[in-house]
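In what follows, a structure is listed as structure tokens, so that the remarks can point back to it.
Below, read A as the first sequence line, B as the second, and so on, with proteins coming before strands; counting in each chain starts at 1. Note that the coordinates shown come from a computational prediction; the quantities given were computed from them, not determined experimentally.
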There are 2 protein chains.
Amino acid sequence: MKKYTIKDIAQLAGVSKGTVDRVIHNRGNVAKDVEDKVRALLTEINYQPNLIARNLKNNKIFNIGILIPDPEIDAYWAVCTDGINSALAEFSAFDVRINTFLYDPTSTADFLTRNEQLLKSEPDVILMVPLFYKEATRVLKHYQSLNIPVGTFNNQITSSSASFIGQDLYQSGRIAAKLLHSISDKGDMAIVHIDEKYKNAVHMQEKEKGFRNYFENLDNFENTILTCKVKYIETEDKLRDFINDHPNLEGMFVTNSKAFHVARLLESEHKTHIKLVGYDLLCDNVNYLNTGTIDFLIHQNPRQQAYLGLKYLIEYLVFDKPIPEKFLLPIDIINSENVTPFLRP
Amino acid sequence: MKKYTIKDIAQLAGVSKGTVDRVIHNRGNVAKDVEDKVRALLTEINYQPNLIARNLKNNKIFNIGILIPDPEIDAYWAVCTDGINSALAEFSAFDVRINTFLYDPTSTADFLTRNEQLLKSEPDVILMVPLFYKEATRVLKHYQSLNIPVGTFNNQITSSSASFIGQDLYQSGRIAAKLLHSISDKGDMAIVHIDEKYKNAVHMQEKEKGFRNYFENLDNFENTILTCKVKYIETEDKLRDFINDHPNLEGMFVTNSKAFHVARLLESEHKTHIKLVGYDLLCDNVNYLNTGTIDFLIHQNPRQQAYLGLKYLIEYLVFDKPIPEKFLLPIDIINSENVTPFLRP
DNA sequence: CGCATTACTGTGTTCGAGCACAATTTATGA
DNA sequence: TCATAAATTGTGCTCGAACACAGTAATGCG
């Protein structure tokens, strides 16, 4: 299992390393019989070029444009930075530079503006969270025409062939259902969508479908599954009414990271017997997980999504590896006892 | 944010790269004022050597000895190979070679024999699963005296300072308790230890402690927590008696990967109302998870443990990075809905 | 046949760090 | 003062891949 170099192969084939190099890179100008001989040798000993030596020579500077929501506006995105930094640290030997553009996750206009800025920075590749389906579709098409590879994470834009890293949202809904079902098999269930402008409608619908599908496929479930849509600004009042209007409620599933709003209300209304499942390890959520008001959190792991997304792009740039089309992360179930290690940076 | 090389620094300091090199490696023979000047420059621009170029020159062959239980005897260990191969693939640019020695996890004598063979292979570093406390302590001490760094995973030998990768077993027990408690808050609970020769007594005890601690700290839990110890060979009969002797049993916690034995029995005895929590994604366990007889599995992730253990050792060898003393993996909670992505290699 | 063109092959340099060794400067002693 | 030792500093080669360019052989054509 010796490591073969170009020089070794040249010696074995009785030619010079230049010729071997020409064969490897299909640069032509090689006699057919020589080429066949070298190619046979290459496959025989399964030659793998030393990627490190290759990059020592080709020390280019790579620019990566990053377009993600502003964590100042939605704390959910804060941990992405950790993931990005991890990936950069892992490839610190290469000259990879990032330009990060933060957009307001409630504003499609801002998304487009920041995207313009991103374009001006002339990135070699782009990593983005394409929150808005319509706008993202257009933007992604544009990048495709410019031949700039794009990696997306968090939510998939199915109209585009861009690489995607995230979770199976349908399955995620099923997991929530399974969890609620296992801790409370009587009473009604509610699916709660909390969103400023229903921007994330598609994800939430997928989760709802999965959730409902789980219960529909049960033999013996006869209770009702309700849906409650709340705008961010009207959250508290509307939620209070909803809870009080449905005294038979035993379980609630909040389809994004805003479960702490519901938890706060359940505590103030003394309805903590209602089981609650939500998403993401925000401080507020974790606190309610520890008090027991939230029973389970599903971890969407934005940190890991950003990390992997960036890592794949860098590996494409420096090692010429193909970018995986789609990668679905495992979905972590979190309760008060296993949460701690997931919080570390 | 330019990437500085030794040459750049030499130029800035008005000396040759040889001198800079001597300063960086404290090789002496440098005039004090020159050394100060160079050192100041180094810190000022935060010089980071190009690890890749460094290793291009120092292309040594590294030998890693691996001592793990034989997956033919206990299938739990099978996925370790995947983790090891992942780590090797990640560092395929370097000449890292492994020598794997498999030992019978039920035999301390075999552990010692294989260890002798391992020693003869003259490894630079060692990765091992130190199943047997007494024997492992002795072996680890020996390696320390030989100055061979060792990484351990799965279980920690606290008497040694060897690097350890694994999970917090006490917390793992608490997680099992929390899960059982959340799906069944009435009736008695049983902790089931299934082990051929009580070899893993220490881990299982830690898990039991965590499990009991969780329930002891509850305000309103009045039921009994039983312990059931079974030898592998007598499993079925003794377990059947135990279950029938305790009609009030509502939850069972199997402290290792052998929950499928209990599940099989619960099905044949028509006691599937008893909630069951166990460990590890063995085929048998996953099947019972899907039928619903096992409610949750706790994922000890031996694959990731082996991967990280090997990765840290390789990074020590090729990049001279310090080996982390202790790394506790997050503990994954698995149910029938989120199991699939965890099974992929 | 001679010269040009094509077809092919080999050589040498580069990347950044490491290190041996050569070269230079400074110090020491008779 | 000068040889010699000691201290300090600079030079040049290496690793593996990439590629420019030089070199060689074969063929074409007048």
Side-chain angles (χ1 to χ4, degrees), chain A residues 1-39 41-42 45-62 91-96 317-321, chain B residues 1-39 41-42 45-62 91-96 317-321:
Chain A
M1 274 301 290
K2 186 190 178 308
K3 277 253 152 75
Y4 286 96
T5 71
I6 276 197
K7 219 165 131 189
D8 296 324
I9 290 158
Q11 203 161 15
L12 287 170
V15 295
S16 75
K17 64 198 181 82
T19 303
V20 176
D21 185 74
R22 272 183 288 269
V23 173
I24 289 172
H25 294 88
N26 298 309
R27 256 197 283 278
N29 290 324
V30 181
K32 192 158 277 175
D33 55 333
V34 176
E35 175 166 352
D36 290 346
K37 192 170 162 190
V38 171
R39 219 177 274 287
L41 257 171
L42 284 174
I45 65 181
N46 186 29
Y47 170 73
Q48 300 292 122
N50 185 329
L51 297 177
I52 275 163
R54 167 179 297 175
N55 264 88
L56 181 58
K57 182 67 204 298
N58 295 351
N59 55 347
K60 296 174 201 149
I61 297 172
F62 297 111
F91 291 92
S92 61
F94 305 96
D95 212 340
V96 174
L317 289 174
V318 296
F319 297 143
D320 214 26
K321 279 197 198 175
Chain B
M1 274 301 290
K2 186 190 177 311
K3 276 253 154 76
Y4 287 96
T5 71
I6 276 197
K7 222 165 129 189
D8 297 324
I9 290 158
Q11 204 161 15
L12 287 169
V15 296
S16 74
K17 66 195 184 84
T19 303
V20 177
D21 186 74
R22 272 182 288 269
V23 173
I24 289 172
H25 295 88
N26 299 307
R27 255 198 283 277
N29 291 325
V30 182
K32 193 159 278 174
D33 55 333
V34 176
E35 175 165 352
D36 290 346
K37 192 171 164 191
V38 172
R39 217 175 275 286
L41 257 172
L42 285 173
I45 65 181
N46 186 28
Y47 169 73
Q48 299 292 124
N50 185 329
L51 296 177
I52 275 162
R54 168 180 295 175
N55 265 88
L56 180 59
K57 182 64 204 297
N58 294 352
N59 57 346
K60 297 172 199 151
I61 297 172
F62 296 111
F91 292 92
S92 61
F94 305 95
D95 212 340
V96 174
L317 289 173
V318 295
F319 297 142
D320 214 26
K321 278 197 198 175

Are OP1 or OP2 of [N] and a side-chain N or O of [X] less than 4.0 angstrom apart?
X       : N      : answer
B:Tyr47 : C:dA17 : yes
B:Thr5  : C:dG16 : no
A:Arg54 : D:dA18 : yes

Working to the nearest 0.5 angstrom, can you tell me the gap between [X] [atom1] and [Y] [atom2]?
X       : Y       : atom1 : atom2 : answer
B:Ser16 : B:Asp21 : OG    : CG    : 9.5 Å
A:Arg22 : A:Lys17 : CZ    : NZ    : 10.5 Å
A:Ile24 : A:Ile9  : CD1   : CD1   : 5.5 Å
B:Leu42 : B:Leu12 : CG    : CG    : 10.5 Å

Would you say the side chain of B:Tyr4 lies within less than 4.5 Å of the side chain of B:Asn46, judging by non-hydrogen atoms?
no
Quick check: do B:Ile52 and A:Asn55 have side-chain heavy atoms less than 4.5 Å from each other?
no
Just the rounded figure in Å: distance from [atom2] of [N] to [atom1] of [X].
X       : N      : atom1 : atom2 : value
B:Gln48 : C:dG16 : CD    : C1'   : 14 Å
B:Lys60 : D:dG16 : NZ    : P     : 15 Å
B:Phe94 : C:dA17 : CZ    : P     : 14 Å
A:Tyr4  : D:dC15 : OH    : C1'   : 19 Å
A:Asn50 : C:dC15 : CG    : P     : 18 Å
B:Lys32 : D:dT9  : NZ    : C1'   : 18 Å
B:Lys7  : C:dA17 : NZ    : P     : 11 Å
B:Ile6  : D:dT9  : CD1   : C1'   : 15 Å

When you match B:Asp33 and A:Lys57 each to their closest nucleotide on DNA chain D, which lands nearer the 5' end?
B:Asp33
CA sep, side-chain torsions, deciding dist, call: A:Phe94, A:Phe319, ring pair (Phe, Tyr, Trp, His ring centres under 6.0 Å)
CA-CA 11 Å; A:Phe94 305 96; A:Phe319 297 143; 5.6 Å; yes
Pick base, sugar-phosphate or nothing for B:Asn29, based on heavy-atom distances below 4.0 Å to the nucleic acid.
base
Counting the atoms with a prime plus P, OP1 and OP2 as sugar-phosphate, which does B:Leu56 contact under 4.0 Å by heavy atoms, base, sugar-phosphate, or nothing?
base
Closest listed nucleotide, where the reference is the side chain of B:Ala31 and the choices are D:dT9, D:dG10, D:dA17
D:dT9
Give the nucleotide from the list D:dG10, D:dA17, C:dG16 with an atom nearest to the side chain of B:Val15.
D:dG10
With a 4.0 Å heavy-atom cut-off, tell me which residues in residues 17-28 of chain A come close to DNA chain D, sorted by residue number.
A:Lys17, A:Asp21, A:His25, A:Arg27
